[in-house]
Amino acid sequence: MSTPPLSTPPLGTPLTRNQMAWRAAQDLADGAYVNLGLGMPVLAANYAPAEREIFYHSENGILGVGPVALPGQGDPELVDAGSQLVTLRDGASVFDSVASFAMIRGGHLDITILGAFQVAANGDLANWDALSAEKGPLIGGAMDLSMGAKAVHIIMRHTTREGEARLVTACSYPLTVRGRVNRVYTDLAVLDIEQGQLVVREIIPGLRHDELAAVTDAPLTFAADCRELIAPDLDGGI
Amino acid sequence: MSTPPLSTPPLGTPLTRNQMAWRAAQDLADGAYVNLGLGMPVLAANYAPAEREIFYHSENGILGVGPVALPGQGDPELVDAGSQLVTLRDGASVFDSVASFAMIRGGHLDITILGAFQVAANGDLANWDALSAEKGPLIGGAMDLSMGAKAVHIIMRHTTREGEARLVTACSYPLTVRGRVNRVYTDLAVLDIEQGQLVVREIIPGLRHDELAAVTDAPLTFAADCRELIAPDLDGGI
Amino acid sequence: MINKVVGDLAAAMAGIQSDASIMISGFSNAGVPTTLVRALGAMNLTGLTLIMNAARRIDECDASLFNDRRVDHVITTAFRGPEAAPANFEQQWKRGELSLEILPQGTFAERIRAGGAGIPAFFSPTAVGTSLVEGREQRDFNGQTYVLEEALTADFALLRAQKADRHGNLFFRGTQANFGSAMATAARTTIVEVAEISETGLRPEEIHLPGIYVQRVLQAPRQDQIA
Amino acid sequence: MINKVVGDLAAAMAGIQSDASIMISGFSNAGVPTTLVRALGAMNLTGLTLIMNAARRIDECDASLFNDRRVDHVITTAFRGPEAAPANFEQQWKRGELSLEILPQGTFAERIRAGGAGIPAFFSPTAVGTSLVEGREQRDFNGQTYVLEEALTADFALLRAQKADRHGNLFFRGTQANFGSAMATAARTTIVEVAEISETGLRPEEIHLPGIYVQRVLQAPRQDQIA
C-alpha cells in the first residue's frame, strides 16, 4: 500500500498498534522470507513498502501467503496460522507441517516477527506461558520460529497495562527461547540487542532518555546516531 | 502374464534364474507393496500371478513401477533403481529419496526380495561387499531395505560357482543386516528361517535330503509337509 | 484387487477400542476429519490418548470426547479453549483427570514424522533453555545445545483430504495436509474421510500421500467444524 | 523483485572455490546436472568434497574431476565403476589419494534431510550389526539397537530439474527429484539447471521444492550424461 503522510502527534505520544507494525515492516528487505506471529506482527504485512517483494510464511504450510480472502470467497481448507481464510500470492507454494517446520528449524526463514510478554537484555524471549491459573498451555510455533529464524524481531508495548517493564534484565515468565531476539519494536522505541545490551536506535519525539530508562528494567545504551521514531498516521488521526 | 505349463525336467535339475524368480513371485500377496533388488529379484515382476495387484517400489522414488518402457518411448528422467526407463502403473506415485527411504525404514513395505552372497541360519544377510581387492564399495539401498521391510526374501543359487555353500552357519562376507531374512529361494529349495533354523519347505524332485544338506553349511530341518519344488518351463525348454 | 474405500462409518471406524491412541489431523479449520471425530465421540470408549495439534478444534467438533471423560491423555501443542473462562478440557487437566504432554508445533510434527520414518529419536534445537526440557537429555553439536526427542506413533490416524482413489492415494486441498500426511505414516491404521473418490484414480502428479500409508477411505461431505 | 534466474554458466558457478563441499543430485540418468558438473570440471579447482549417490555417474559426466585429482573426499553410497577393471577413481581410493565415506542410501538421504531441517543427529536402525557402525555410538530404543547418524550439509548443491520460475520454485519430472530436493535444503548455495523457465510462474500444485531453497537457476538443455 502507499505510505500515508507522516503524522505530527503531540510530543511523547506512544505509537499505536498499527504504527508499531508499520515500523517493523520497514525493516523487511526485498526478497525476504518472513513469518509473522499472531496479533500485532501479522499487521506488518499491511505496511511493507509496496516495491519490495516479500514472501510471508505461515507455519501451517504456506510460503507466499496473499491477502485475506474477500468475504464469501475464501476456501475453508486454505487457512493461515491465524485461522484466516487467505489467498496465495504469485509464486506461492503449499506443503505439510513437517516440511514447514523443517524450513523453520533448518534456518531458512530470514525473519520472524513475534509478540512477547517479556524480552530480556540477553535476547531471551517469553511469549508462550502467561502463568494463568485457569487456562491450559499453548505453545504453537513460537519456540520453533524463535529458535530457527535467522533474525527474531519482537513487537510489543514497552510496558504492561499496569505499567510494568517488559524489557527486563531476566524474564520472569517461562522462556520461549534463550538469547535469540535481535530487535524489539515498542510503542516508545526501537531497540537492538547486541552483546547482551539493549541499544536504543530510535525513540519517539519528546520522550527523554531517562524517561525511557525509567520504564525499562534493564540498562539502556543509546546509539550515537539514535534517531526519532516517527510513524505515519495509520489510524485516521486517532 | 499367464502361467506356462509346469515343466517336467529330469530329476534333480536345478531351477533356472527365471524359475527361481517365478517361485519367489508366487509368494507375493494381492495388494502387497514390494521392492525387488537388482538381478534375479527384479525378474519376479514378470511372474507374479496376473490376478494379484502388486505395487512395486523402486527406492529412487516410485511406488507402482510399471513395465519397462518400449524402445524409444522411455523418459530418461523416469528410471527405476536398476537404471531402466520404466513406466508407471495405475495408481503409481513418485517422490524423492528421502520420502522413499522413510517408507522403507519406517516398515511400510511388505516384502523386499534381494540377491545375496550368503545367508546364515540366524537370518544374517551378506550381499553388499564381495571383498574385491580392486573395486570400490557399493551399498545402495540393500541395508535399508533388509532392515526396513516387513519380510526379507532372498533369491540366490544354493552354491557358488565353485560349489561352496551360500547357506551358512555364519556369514564370512561382511554383513548387510543381522537376523532379518525370512525366506530363501535357491535353485534347489525353498527354505524359511525360523528361530535360527533353516527349515526346508520345498525341494526339487529327485534331490535327496542328504544331498541338499551336503551343499548347505548349516543344519537343515525338513518341514513335516516338505513339498516338491516345481516351476514351469520359462526358458523355452532349455 | 486393492480397494481401500469403505461403504459406511461403521466399517471406517471398525476396531477402534478403549485405550487406543489416536492421531487426528487438522490445523484450524483445514483438514479436520469432522465426520470421523464425531463417529469416535459416538463410540462410547474410554481411556483414549488423543494426539492432535489443538485440543480446542476437536472439542468444538465433538464436545462429548472431553465432556464424557473419554480421554485420559493428550499430546498436543495447544491445550487452551477459546474463551477467557476455562473450557471443560482445561478444567479436567487442572483437576488432574487427564494427563497432558505439551509440545512445540515443529517438535510435534517432527516426532510424528520420525515415528513413520523408522527414526526412534533425534536431536532438536527447539525448546532448549526452556522449562519443557528440564531434566531431559541434552547434547552439544558444533557448539549448540540440542534436546533428544523420541518418535510418536499411534494405533490409529484420522485424516481429512479432498480426494482419494481405491489405492488410498490422497490429494490434499489448500492447507489440508498439515499434520495429517505425517500422521498417516505413523499410525498402524489410517482412516481418511474425503470429499471425492476418484473412480479413474489419482494421477501421479496429484498424489500428495501414497496409498501405502492409508488403510481405509470414506467419502464424507465437509462439515462445519463447530457443531 | 526476486529473480533467481542467471544468464550464463559463469554466473551460475560464481563463488565455487577449491576445498568447497558440493552435493550433486542424480540417480542413474535422472536429475543429473550435467551442464553444471561439466562446468565444475572446467574450473580447475582442488580439494573438493563431493557428496553424491554414485561416483560413477559423475565420473561419466566429467572424467576430469577425478582424473585431474580435483577431489579429496567423497561421501557416497556407491563408489564402484561399471567395468570389471577398476575405474580411475577406485584406483585413487585404493592408493589412498582420496578419502571415502560410504553410506547406505537411506542413511545418505536422511542425513542430508537432517542437514536441511535443523536436526544435528538422529538414530537409525540401518547398518546396525555391520562393519559400518563398528566403534560408533549405538543405543537401544524399545528393545532394538540404533546407531547415531549426524547431519550432512555442504557449501553448494548442484541440481537438475525440469522447470523453474524466477522465485526459484522447482518442478521435477519423473524421478528427477531423488536426492536433489533434500540437497537443496542442506547447502548454503543451491544452483539448479532446468530445461524450462516458466515466465508465468509455477502454480502451487506444480511446485515440488519451494524457491526459498534455491539461490540460482540456469536454463540448460538436457545432455546425455555420458560425454
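Throughout, a chain's letter reflects where its sequence line sits, starting with A, and its residues are numbered from 1. Computed over heavy atoms, backbone and side chain alike; hydrogens, waters and symmetry mates excluded.
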Item to check | Least distance between heavy atoms, B/Gly91 atom then C/His167 atom | outcome: CA-ND1, 3.6 Å

Checklist entry - So does B/Arg227 have more than 12 non-hydrogen atoms from other groups sitting under 6.0 Å from CZ? => result no

Checklist entry - Between CD1 of C/Ile212 and NE2 of B/His57, what distance do you get to the nearest 0.5 Å? => result 7.0 Å

Checklist entry - Side chain, backbone, both or neither: which part of C/Thr153 has an atom under 4.5 Å from a heavy atom of chain B? => result neither

Checklist entry - Counting only heavy atoms not in C/Asn142, do more than 12 fall under 6.0 Å of its CG? => result no

Item to check | Whether B/Arg105 side chain and C/Ala117 backbone form a donor-acceptor pair below 3.5 Å | outcome: yes

Item to check | B/Asp90/C/Arg166 ion pair, N-O < 4.0 Å | outcome: yes

Checklist entry - For the atom pair NE2 (B/His108) and OG1 (C/Thr185), what is the distance rounded to the nearest 0.5 Å? => result 5.0 Å

Checklist entry - Quick one: CG on C/Asn169 to CG on B/Leu63, what's the gap to the nearest 0.5 Å? => result 8.0 Å

Item to check | CD-CG distance between B/Glu53 and C/Asn3, expressed to the nearest 0.5 angstrom | outcome: 9.5 Å

Checklist entry - Going by heavy atoms in the side chains, are C/Ile207 and B/Phe95 under 4.5 Å from each other? => result no

Checklist entry - Does atom CD of B/Glu51 have more than 12 heavy-atom neighbours, drawn from other residues, nucleotides or ligands, at distances under 6.0 Å? => result yes

Item to check | B/Met147, part contacting chain C, at a heavy-atom distance under 4.5 Å | outcome: neither

Next on the checklist: Show the nearest heavy-atom pair for residues B/Val98 and C/Arg113, with the distance to one decimal.
Outcome noted: CG1-NH2, 3.4 Å

